[in-house]
Amino acid sequence: MSESHAVGLKVGQVLRERRTITDADVAAFAELSGDHGRHHLPDQGRVMAHGLLTASLATKIGGRLDFIARRMAWEFLRPVWSGDTITAEVTVRALSEVRAGTGLELDIEISNQDGEPVLRGESTGIIRH
């Protein structure tokens with residue numbers, strides 16, 4: 001199997017996405033998820049983002065690829081607050097041909113505007129033919 005696949009991805013390739021988290025993002029996610037924990041209420045003028053809201057930045061990259069996740073694992077390292085700008089870096093760890101398409105293994109790191117990792121994770125899944 002070659003290192004380059006029909007989906008145009010290569011092992012070691014890094015895909016990035018950036019977003020500034022707003023109070024409105026946190027409020028909308030709380031409504032959608034039903035998670036209204038008090039730690040997601042304003043504290044000293046800012047709001048703590050939900051961990052899965054933070055993780056969703058990596059899923060935006062997956063959406064661009066038409067990636068269907070089979071497994072995701074997250075390690076939440078530090079809080080993300082409204083006003084923080086976070087950057088997801090998704091690295092292609094492995095590619096393989098599978099019956100339904102191209103199998104992917106991805107490493108994920110999301111960092112804040114100070115370059116501090118706030119989340120690490122990994123995901124496996126496929127891009128169907």
Side-chain angles (χ1 to χ4, degrees):
M1 172 178 35
S2 73
E3 268 193 30
S4 183
H5 291 261
V7 295
L9 294 174
K10 295 181 179 168
V11 172
Q13 184 174 353
V14 178
L15 305 157
R16 289 179 182 82
E17 189 68 42
R18 177 173 288 159
R19 174 186 190 124
T20 299
I21 301 297
T22 67
D23 289 346
D25 292 333
V26 177
F29 194 87
E31 282 306 309
L32 182 64
S33 67
D35 180 352
H36 297 281
R38 68 176 181 216
H39 52 284
H40 298 301
L41 298 174
D43 178 22
Q44 299 180 28
R46 56 190 191 157
V47 179
M48 184 190 297
H50 300 75
L52 291 178
L53 172 59
T54 300
S56 74
L57 189 58
T59 67
K60 183 175 182 181
I61 294 169
R64 284 198 324 242
L65 300 174
D66 279 332
F67 175 71
I68 300 169
R70 296 195 63 189
R71 187 181 66 78
M72 293 180 177
W74 306 112
E75 180 183 8
F76 301 95
L77 303 170
R78 44 177 63 81
V80 171
W81 300 94
S82 58
D84 284 355
T85 298
I86 56 174
T87 302
E89 291 190 346
V90 175
T91 303
V92 178
R93 181 175 63 220
L95 292 162
S96 60
E97 290 303 318
V98 296
R99 184 175 38 141
T102 300
L104 270 83
E105 295 179 22
L106 304 170
D107 289 322
I108 301 159
E109 183 168 290
I110 300 178
S111 300
N112 64 20
Q113 65 278 355
D114 298 322
E116 300 170 319
V118 298
L119 178 152
R120 283 196 186 103
E122 59 183 356
S123 184
T124 60
I126 66 164
I127 297 173
R128 292 192 290 186
H129 290 311

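For residues 40-59, every residue pair satisfying the ring pair (Phe, Tyr, Trp, His ring centres under 6.0 Å) rule, not counting sequence neighbours, is listed here: Phe29-His50, His40-His50. Evaluation of the side chain to side chain donor-acceptor pair (under 3.5 Å) test over residues 21-38, restricted to residues two or more places apart or in two chains, returns Arg19-Asp25, Thr22-Asp25, Asp23-Ser82.
The side-chain heavy atoms of Leu15 and Leu9, taken from C-beta on, include a pair separated by under 4.5 Å. A heavy-atom distance below 4.5 Å is found between the side chains of Phe67 and Leu106. Using a 4.5 Å heavy-atom threshold, the side chains of Val14 and Val90 count as separate.
Taking Arg16 as the reference, Glu89 meet the salt bridge (charged side-chain N to carboxylate O under 4.0 Å, His left out) condition, with sequence neighbours excluded. Arg18 pairs by the side-chain hydrogen bond (donor to acceptor under 3.5 Å, both in side chains) definition with Thr87, not counting sequence neighbours.
Taken from CZ in Phe76 to OG1 in Thr54, the straight-line distance is 7.5 Å, to the nearest 0.5 Å.
Within a 6.0 Å radius of CZ in Arg64, more than 12 heavy atoms belonging to other residues, nucleotides or ligands are found.
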Quick one: side chains of residues 112-126, donor-acceptor pairs under 3.5 Å with protein atoms, not counting sequence neighbours, listed by atom name and distance.
| residue | atom | partner | partner atom | Å |
| --- | --- | --- | --- | --- |
| Asn112 | OD1 | Asp114 | N | 2.9 |
| Asn112 | OD1 | Gly115 | N | 3.3 |
| Asn112 | OD1 | Glu116 | N | 3.0 |
| Asn112 | ND2 | Glu116 | OE1 | 2.8 |
| Gln113 | OE1 | Thr85 | N | 2.9 |
| Gln113 | NE2 | Asp84 | OD1 | 3.1 |
| Arg120 | NE | Glu109 | OE1 | 3.0 |
| Glu122 | OE1 | Arg93 | NH1 | 3.1 |
| Ser123 | OG | Arg71 | O | 2.8 |

Using residues 55-63 as the side-chain source, report each donor-acceptor pair under 3.5 Å to any protein atom, sequence neighbours left out, with the distance given to one decimal.
| residue | atom | partner | partner atom | Å |
| --- | --- | --- | --- | --- |
| Ser56 | OG | Leu53 | O | 2.6 |
| Thr59 | OG1 | Ser56 | O | 2.7 |
| Lys60 | NZ | Glu17 | OE2 | 3.2 |

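Nearest heavy atoms, Leu95 versus Val11: CD1-N, 3.9 Å. Val98 approaches Gly103 most closely through the heavy-atom pair CG2-N, 3.8 Å.
Met48 belongs to a hydrophobic cluster whose remaining members, ordered by chain and number, are Trp81; membership requires side-chain heavy atoms of ILVMFWY residues under 4.5 Å apart, directly or through intermediates. Leu77 belongs to no hydrophobic cluster with other residues, because no ILVMFWY side-chain heavy atom falls under 4.5 Å from its own, directly or through intermediates.
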